[in-house]
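By convention in this document, chain letters (A, B, ...) are assigned in the order of the sequence lines, proteins followed by strands, and residues within each chain are numbered from 1.
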2 protein chains.
Amino acid sequence: MTLSALADPTRRAILARLATGEASVSELAEPFDMSLVAVSKHLKVLERAGLISKGREAQWRPCRLEPKPLRQVDDWLESYRQFWNDNLDRLEAYAALLQKGGVDDPSN
Amino acid sequence: MTLSALADPTRRAILARLATGEASVSELAEPFDMSLVAVSKHLKVLERAGLISKGREAQWRPCRLEPKPLRQVDDWLESYRQFWNDNLDRLEAYAALLQKGGVDDPSN
DNA sequence: TCTATATTAAACCAATAAGTTAATTAACTG
DNA sequence: CAGTTAATTAACTTATTGGTTTAATATAGA
């Protein structure tokens with residue numbers, strides 16, 4: 001559910017904004033070219049995914065970023081990190097070969 | 001686009017399988033309780049997102065994992081990593097306080 | 001108490017996503 | 001060549017998503 005919440009660019013922009021500190025719903029909505037209601041719905045998606053939480057302060061609901069699900073994504077990526085490091089190693093080995101003139105460079 | 005490709009559990013399972021090595025479309029489809037056509041579509045989504053590539057070997061299309069988009073997700077997470085480390089620090093500080101008997105433990 | 005502000009709820013719509021079955025393309029194999 | 005296997009394309013169905021507008025709820029302040 002986390003990943004599908006993260007799939008929308010508006011929601012990612014909201015998270016980026018929240019990484020700089022708490023903000024109310026209308027503050028979060030301000031930069032977007034869509035209704036407040038639409039942003040409110042995006043916030044609910046983020047909330048259900050645990051990516052943000054909302055407080056209550058008078059008529060405002062200050063939202064703040066919750067790190068847990070992002071950390072889980074990071075953990076999930078861990079399994080692949082080794083994989084792409086391997087690939088990187090291969091690329092680096094290849095680049096080293098090129099340096100020595102050992103292979104044709106396909107980019108030339 | 002990467003994130004929405006990653007949002008589907010079937011597709012993530014396919015990636016996990018591919019992290020162990022190349023596989024043909026029908027090999028990839030085998031563990032799933034859905035038609036081959038459905039899996040083929042998932043593969044196309046992954047391919048358009050650059051998460052996999054397909055070769056051709058006779059009538060098979062061996063698929064393999066492409067690391068670049070995953071690495072981009074990792075880079076994207078980077079901005080938040082500091083944020084959740086901060087939070088973790090706060091938690092650790094709190095835990096240390098608890099150890100010293102400085103605060104009530106809300107879990108008791 | 002009346003009014004303005006902040007937010008959510010409800011009802012609706014168009015586009016996309018995820019699946020199906022049936023038909024098509026392509027390559028190997030006897 | 002005929003038949004089988006691998007995969008894709010096409011057409012269709014259903015559910016979900018992302019947006020809208022209008023109405024409702026809650027709080028603050030004159």
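- The interatomic distance linking A:Leu43 (CG) with D:dG18 (P) rounds to 13 Å, in whole Å.
- Atom C1' of nucleotide D:dG18 and atom CD1 of A:Ile14 are separated by 12 Å, given to the nearest angstrom.
- Residues A:Leu18 and A:Val45 do not share a hydrophobic cluster, clusters being chains of Ile/Leu/Val/Met/Phe/Trp/Tyr side chains in contact below 4.5 Å.
- Between A:Ser26 and the phosphate of C:dA6, there is no side-chain N or O to OP1/OP2 separation shorter than 4.0 Å.
- One finds no side-chain N or O of B:Lys41 lying less than 4.0 angstrom from the OP1 or OP2 phosphate oxygen of C:dT20.
- Here A:Ser35 reaches the OP1 or OP2 of D:dT20: one of its side-chain N or O atoms lies under 4.0 Å away.
- Summarising the geometry, the separation between CD on A:Glu30 and C1' on C:dA6 is reported as 15 Å, rounded to the nearest angstrom.
- Residues A:Leu6 and B:Trp76 have side chains in contact (heavy-atom distance under 4.5 Å, counting atoms from C-beta outward).
- Of the two residues contacting DNA chain D, namely A:Arg61 and A:Val37, the nearest-nucleotide position lying further toward the 5' end is that of A:Val37.
- Taking atom CG on A:Leu6 and atom C1' on D:dT17, their separation rounds to 16 Å, with Å as the unit.
- Between C:dG19 and B:His42, a contact under 4.0 Å exists linking OP1 or OP2 to a side-chain N or O.
- In this entry the distance linking CG of B:Leu46 with C1' of D:dT8 reads 16 Å, nearest Å.
- Residue A:Val45 is out of contact with every strand shown, counting any heavy-atom pair closer than 4.0 Å.
- In this structure, the CG atom of B:Leu3 is 12 Å from the P atom of D:dG18, given to the nearest Å.
- Atoms CD and CD, from B:Glu22 and B:Glu27 in turn, are 10.0 Å apart once rounded to the nearest 0.5 Å.
- In the set D:dA6, C:dA6, C:dT7, C:dT7 carries the atom at the smallest distance from any side-chain atom of A:Ser24.
- Nearest to the side chain of B:Arg11, among D:dG19, D:dT8, C:dA18, sits C:dA18.
- Picking from D:dA28, C:dC28, D:dT9 the nucleotide with the shortest atom distance to the side chain of B:Gln59 gives C:dC28.
- Look at NZ on A:Lys44: it is 16 Å from P on D:dG19, rounded to the nearest Å.
- Between the P atom of D:dA7 and the CD atom of B:Glu47 lies a distance of 13 Å, rounded to the nearest Å.
- No contact: B:Arg56 has no heavy atom under 4.0 Å from any strand.
- Dashed line: the shortest gap from a side-chain N or O of B:Ser40 to OP1 or OP2 of D:dT8 is under 4.0 Å.
- Using a 4.0 Å heavy-atom cutoff across all strands shown, B:Ser4 reaches no nucleic acid atom at all.
- A sub-4.0 Å separation between OP1 or OP2 of D:dA7 and a side-chain N or O of B:Lys54 is absent.
- Across all their heavy atoms, B:Leu77 and A:Leu77 have their closest contact at CD1-CD1, 3.7 Å.
- Remark: B:Glu78 engages B:Arg81 in a salt bridge, criterion side-chain N to carboxylate O under 4.0 Å.
- For A:Asp8, the side-chain atoms get nearest to D:dG18 when compared with the rest of D:dA6, D:dT8, D:dG18.
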Please lay out, stage by stage, how B:Tyr80 and A:Leu15 fare under the test side chain to side chain contact (heavy atoms under 4.5 Å, CB included).
CA-CA 9 Å; B:Tyr80 297 96; A:Leu15 291 185; 3.7 Å; yes
